[in-house]
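Numbering of residues begins at 1 and proceeds along the displayed sequence. Every number for a ligand or one of its atoms is a count from 1 in the order of the listing.
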Amino acid sequence: MTDIGFDGRVAIITGAGGGLGREHALELARRGARIVVNDLGGSVGGDGGDAGPAQRVAQEINDLGGEAVADTNSVATAEGGKAVVQTALDAFGTVDIVVNNAGILRDKSFHNLTPEMIEAVIDVHLLGAFYVTQPAYLVMKEKGYGRIVSTSSNSGVLGNFGQANYGAAKMGLVGFTRVVAIEGRRNGIKANAIAPVALTRMTEDLFGAAGDALDPKLVSPLVAYLASEACEVSGEVYSAAGGIISRFFIGLTPGYYNPNLTAEDVAANWNLIRDEEGYIVPDDSSGEISKIVRTVMGGND
Ligand code: NAI
């Protein structure tokens with residue numbers, strides 16, 4: 001079995017003042033990483049701010065013999081993101097790992113969402129990942145090594161009532177991850193996403209009796225693996241819940257081909273279009289383009 005260790009590595013973990021982020025920070029620190037514990041310290045809805053949560057987790061790590069600094073910048077602005085990375089550079093001289101975990105909720109059914117609710121959620125989850133990862137990526141690119149783990153959600157990958165803003169942001173992180181993975185390949189940078197399910201303040205009313213089994217600690221081993229040198233995959237999405245780790249993937253059905261296609265043909269062949277038999281899982285957009293070229297050049301495959 002490979003040992004997963006982080007000696008000499010520096011990790012930024014956003015939203016690490018509590019919940020999942022705190023567990024990731026403790027897990028990576030326990031395995032030797034030096035940690036920037038970023039957290040704005042607001043409410044689940046993103047209101048307010050408090051230096052306490054980030055400082056407490058950094059202190060907890062230092063008390064356990066690890067090395068951590070607190071950072072209370074908001075990830076939701078470009079300046080904030082840069083400042084988070086600067087904290088890592090000032091304290092530890094480099095950055096090897098970014099775990100995009102900071103998040104808020106502003107749930108409402110779609111027809112009641114205000115622009116403010118849409119923007120606030122997209123700013124923290126999706127733009128926040130851009131703002132923190134981009135300055136860190138420049139450092140990683142220079143050194144030829146990096147690991148980026150972004151926190152998606154089944155609310156985006158699969159959908160969930162009342163979360164169009166959150167779901168869009170979380171699925172946006174999947175696109176972000178897939179493209180950064182492709183671009184980072186030549187510089188030793190791997191980017192993956194997780195879709196966790198865990199009992200935290202964000203989900204305290206959701207799981208009923210099953211909540212006890214959904215300890216956020218059980219998500220951190222996946223984050224540790226994806227953030228480690230041992231990680232071999234990039235551009236992928238993994239679910240983690242209560243000790244279960246699974247892979248989400250995007251499949252493409254063989255479909256139906258007709259060079260003289262009409263809307264009636266689409267309707268008449270709907271079952272074939274949707275038929276999952278023989279689906280492929282393309283690595284990137286060229287995987288689909290190859291399938292299209294094969295089909296139009298050589299007949300239906
Ligand atoms: P949490 O509310 O305990 O953690 C989120 C943390 O992000 C908080 O400590 C908060 O202060 C911080 N934060 C919020 N806005 C920030 C900003 N602008 N800058 C810096 N920090 C900020 O909730 P939890 O559950 O630990 O969430 C962690 C991540 O996991 C979130 O991205 C969430 O959407 C995601 N997630 C959680 C699931 C669950 O079942 N708990 C399910 C799917 C995704």
So Glu27 and Arg31, salt bridge (Lys or Arg N to Asp or Glu O under 4.0 Å) or not? Walk me through it. CA-CA 6 Å; Glu27 179 67 16; Arg31 292 173 179 275; 2.7 Å; yes
So what's ligand 1 close to, N/O to N/O, under 3.5 Å?
unit_1   : atom_1 : unit_2 : atom_2 : d
ligand 1 : 2 (O)  : Arg201 : NE     : 2.8
ligand 1 : 2 (O)  : Arg201 : NH2    : 3.4
ligand 1 : 7 (O)  : Gly103 : N      : 3.3
ligand 1 : 9 (O)  : Asp39  : OD1    : 3.3
ligand 1 : 9 (O)  : Asp39  : OD2    : 2.5
ligand 1 : 11 (O) : Asp39  : OD1    : 2.5
ligand 1 : 18 (N) : Ser74  : OG     : 3.0
ligand 1 : 19 (N) : Val75  : N      : 3.1
ligand 1 : 21 (N) : Leu40  : N      : 3.3
ligand 1 : 25 (O) : Thr200 : OG1    : 2.6
ligand 1 : 26 (O) : Leu20  : N      : 2.8
ligand 1 : 32 (O) : Asn101 : O      : 2.8
ligand 1 : 32 (O) : Lys170 : NZ     : 2.9
ligand 1 : 34 (O) : Tyr166 : OH     : 2.5
ligand 1 : 34 (O) : Lys170 : NZ     : 3.3
ligand 1 : 40 (O) : Ala198 : N      : 2.9
ligand 1 : 40 (O) : Ala198 : O      : 3.1
ligand 1 : 41 (N) : Ala198 : O      : 3.0
ligand 1 : 41 (N) : Thr200 : OG1    : 3.4

Show every donor-acceptor pair shorter than 3.5 Å between a side-chain atom in residues 203-212 and any protein atom, with sequence neighbours excluded, or say none if there are none.
unit_1 : atom_1 : unit_2 : atom_2 : d
Thr203 : OG1    : Ala198 : O      : 2.6
Thr203 : OG1    : Thr200 : N      : 3.0
Thr203 : OG1    : Thr200 : O      : 3.4

What pairs of donor and acceptor atoms, side-chain ones from residues 160-171 against any protein atom, are under 3.5 angstrom apart with sequence neighbours left out?
unit_1 : atom_1 : unit_2 : atom_2 : d
Asn160 : ND2    : Gln163 : OE1    : 3.1
Gln163 : OE1    : Ser155 : OG     : 2.6
Gln163 : NE2    : Asp107 : OD1    : 3.2
Gln163 : NE2    : Asp107 : OD2    : 3.2
Asn165 : ND2    : Arg106 : O      : 2.9
Asn165 : ND2    : Met117 : O      : 3.1
Lys170 : NZ     : His125 : ND1    : 2.9
Lys170 : NZ     : Thr151 : O      : 2.6

Can you tell which of Arg147, Arg9, Lys190, Arg34 makes a salt bridge (charged side-chain N to carboxylate O under 4.0 Å, His left out) with Asp96? Arg9
Between Lys217 and Glu23, is there a donor-acceptor pair closer than 3.5 Å when you use the side chain of the first and the backbone of the second? no
Pairs flagged by salt bridge (charged side-chain N to carboxylate O under 4.0 Å, His left out) wherever residues 263-274 is involved - sequence neighbours left out: none
